[in-house]
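Following: one structure in structure tokens, then a few remarks.
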Amino acid sequence: MSALRRVRKYFISSQVYEALRPLFFLTFLYGLTPFHVVRRKMGESYLKMSCFGVFNIFIYICLCGFCYISSLRQGESIVGYFFRTEISTIGDRLQIFNGLIAGAVIYTSAILKRCKLLGTLTILHSLDTNFSNIGIRVKYSRIFRYSLLLLIFKILILGVYFVGVFRLLVSLDVTPSFCVCMTFFLQHSVVSIAICLFCVIAFSFERRLSIINQVLKNLAHQWDTRSLKAVTQKQRSLQCLNSFSMYTIVTKDPAEIIQESMEIHHLICEAAATANKYFTYQLLTIISIAFLIIVFDAYYVLETLLGKSKRESKFKTVEFVTFFSCQMILYLIAIISIVEGSNRAIKKSEKTGGIVHSLLNKTKSAEVKEKLQQFSMQLMHLKINFTAAGLFNIDRTLYFTISGALTTYLIILLQFTSNSPNNGYGNGSSCCETFNNMTNHTL
């Protein structure tokens with residue numbers, strides 16, 4: 001029994017920084033953040049920036065730059081070991097170039113925008129005081145378990161994928177160069193860990209918004225079950241809310257609860273806006289490279305399955321299709337993780353407005369009604385929103401946008417293949433010559 005308690009203790013966290021310890025250990029190791037979580041003698045945890053963290057980031061920048069540029073100059077890639085055509089060569093170079101930009105943006109943000117990330121976490125930490133003012137002590141065990149499970153899930157998927165790809169190459173006596181191995185490994189792993197960081201931060205916003213919504217719902221429940229006279233008296237503000245890992249320790253008047261909820265909501269929106277400034281360019285590059293890989297991988301698979309491919313490769317059709325399908329699924333998971341992480345926080349924020357207006361219709365107190373009207377105005381002007389450099393919003397509408405663009409580009413690529421005399425292979429006409437012939441014929 002004592003051993004079970006000891007194990008369970010590792011999965012319980014009561015501080016925001018302690019809950020993020022596994023995540024920041026991995027981001028610190030990969031050079032994605034210059035911070036790591038340390039604990040003071042009194043038991044309180046905090047983020048500490050170290051010289052090694054900054055030096056580690058520069059090491060990764062140099063390593064990524066060297067490997068990507070070497071692979072680009074030598075024209076080598078993992079895809080190139082499977083087959084080489086004019087379209088695949090263009091796709092490889094675009095992916096390497098986009099991967100170089102993505103690595104530069106992610107690692108540059110880790111240095112130049114580190115204060116934004118630190119500011120976000122500082123606000124989240126300060127929210128503990130605001131929650132305690134309305135009788136809530138937040139436990140971070142759920143956030144800790146979420147980050148731990150997300151990291152384990154990502155590491156397992158990447159581990160199986162890497163082992164499968166390299167065993168497949170070795171089985172056919174194909175030995176990738178060091179630069180190709182590093183670009184392949186770093187691109188997938190760095191992107192996955194950066195996505196984990198975003199998802200955990202977005203989940204932190206979602207949990208706090210859930211608490212605020214439950215606080216207001218509980219207040220509405222009290223008004224439904226008690227008379228107005230009983231509600232306006234000093235009373236215990238909230239009942240025990242085990243599902244949200246919090247409990248009541250003080251008594252508050254409804255107007256004070258609403259005022260504190262307004263301040264908490266304002267801080268959450270401020271933290272989300274600061275986090276968006278940190279992640280915005282990272283998300284743009286990650287979604288761009290994911291879309292590019294999905295387009296070309298889907299084209300390679302469709303071309304093979306439709307029987308239009310005349311590729312010369314050591315690999316069997318099953319191995320060929322499996323490799324590109326797995327890589328495509330890997331980046332589909334990446335996009336889904338980003339969109340769903342953002343969408344859940346946005347939806348929780350949108351629910352607050354409905355609850356506030358429900359309270360506004362039920363209250364008879366002038367003071368409480370005034371506070372609710374102020375809260376309603378705040379909700380109109382302060383909203384949680386994540387964007388990719390302001391170019392598009394990161395929500396479920398992105399699925400429709402990507403699906404439309406993916407379909408368009410796949411049709412264009414398949415038309416190039418079908419209109420080429422040699423299906424785009426061998427010494428026949430190139431894709432550019434095919435396009436020129438099509439244009440001249442149209443004119």
Side-chain angles (χ1 to χ4, degrees), residues 10-11 13-41 43-67 99 102-125 140-141 143-159 162 182-183 185-205 271 274-275 277-283 285-286 334 337-338 341:
Y10 289 105
F11 295 93
S13 179
S14 58
Q15 300 176 30
V16 60
Y17 296 125
E18 194 68 29
L20 300 175
R21 180 186 288 272
L23 177 63
F24 274 96
F25 171 77
L26 206 56
T27 56
F28 183 77
L29 191 67
Y30 268 84
L32 297 178
T33 57
F35 312 110
H36 65 285
V37 179
V38 295
R39 184 179 293 180
R40 293 189 177 97
K41 293 182 179 179
E44 185 180 357
S45 299
Y46 68 101
L47 278 182
K48 181 181 179 181
M49 183 172 172
S50 66
C51 294
F52 174 77
V54 177
F55 178 73
N56 193 34
I57 292 173
F58 282 110
I59 290 295
Y60 271 100
I61 290 174
C62 295
L63 179 63
C64 287
F66 171 75
C67 292
V105 169
I106 291 173
Y107 283 113
T108 303
S109 298
I111 289 289
L112 299 181
K113 294 191 175 184
R114 63 187 185 278
C115 294
K116 301 292 183 186
L117 181 60
L118 189 59
T120 300
L121 295 172
T122 302
I123 294 172
L124 292 177
H125 181 65
Y140 295 96
S141 299
I143 297 174
F144 177 74
R145 289 193 292 266
Y146 174 80
S147 64
L148 205 59
L149 289 174
L150 187 62
L151 287 173
I152 292 172
F153 174 71
K154 291 285 186 181
I155 290 171
L156 282 176
I157 287 180
L158 288 175
F162 289 150
M182 290 305 297
T183 53
F185 175 77
L186 287 176
Q187 176 177 303
H188 297 310
S189 57
V190 168
V191 165
S192 295
I193 296 171
I195 291 171
C196 287
L197 181 60
F198 171 77
C199 289
V200 171
I201 296 296
F203 184 74
S204 299
F205 298 141
T274 306
K277 292 177 182 177
Y278 177 80
F279 287 107
T280 185
Y281 292 106
Q282 294 187 27
L283 295 178
T285 54
I286 289 172
S337 299
I338 293 172

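Predicted model only: the values in this text are computed from it and were never measured.
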Quiz prompt | Closest heavy-atom pair and its distance - Ser189, Leu158 | solution = CA-CD1, 3.8 Å
Quiz item: If you measure from OG on Ser50 to CZ on Phe28, what distance do you get to the nearest 0.5 Å?
Solution: 3.5 Å
Quiz prompt | Inter-residue atom distance Leu117.CG - Phe35.CZ, 0.5 Å rounding | solution = 6.0 Å
Quiz prompt | Thr27 (side chain) donor-acceptor with Thr33 (main chain) under 3.5 angstrom | solution = no
Quiz item: Does Arg21 reach the main-chain N or O of Glu18 with its side chain, forming a donor-acceptor pair under 3.5 Å?
Solution: no
Quiz item: What's the verdict on side-chain contact (heavy atoms from CB on, under 4.5 Å) for Tyr140 and Leu20, showing C-alpha distance, side-chain angles and the deciding distance?
Solution: CA-CA 9 Å; Tyr140 295 96; Leu20 300 175; over 6 Å; no
Quiz item: Mind checking whether Tyr146 and Phe203 have parallel, tilted or perpendicular rings, split at 30° and 60°?
Solution: parallel
Quiz item: Which class fits the ring pair Phe198 and Phe279: parallel under 30°, tilted 30 to 60°, perpendicular over 60°?
Solution: perpendicular
Quiz item: Yes or no on side-chain contact (heavy atoms from CB on, under 4.5 Å) for Cys67 and Leu186, after CA distance, side-chain angles and deciding distance?
Solution: CA-CA 10 Å; Cys67 292; Leu186 287 176; 5.7 Å; no
Quiz prompt | Close side-chain approach of Thr280 and Lys277, heavy atoms under 4.5 Å | solution = no
Quiz item: Would Ile286 and Val105 count as a side-chain contact (heavy atoms from CB on, under 4.5 Å) if you check the C-alpha gap in whole Å, the side-chain angles of each, and the deciding distance to 0.1 Å?
Solution: CA-CA 10 Å; Ile286 289 172; Val105 169; over 6 Å; no
Self-check item: Heavy atoms of other groups near Lys113 NZ, more than 12 under 6.0 Å
Solution: yes
Practice problem: Check the pair Leu197 / Ile193 against side-chain contact (heavy atoms from CB on, under 4.5 Å), numbers first and verdict last. | Solution: CA-CA 6 Å; Leu197 181 60; Ile193 296 171; 5.9 Å; no
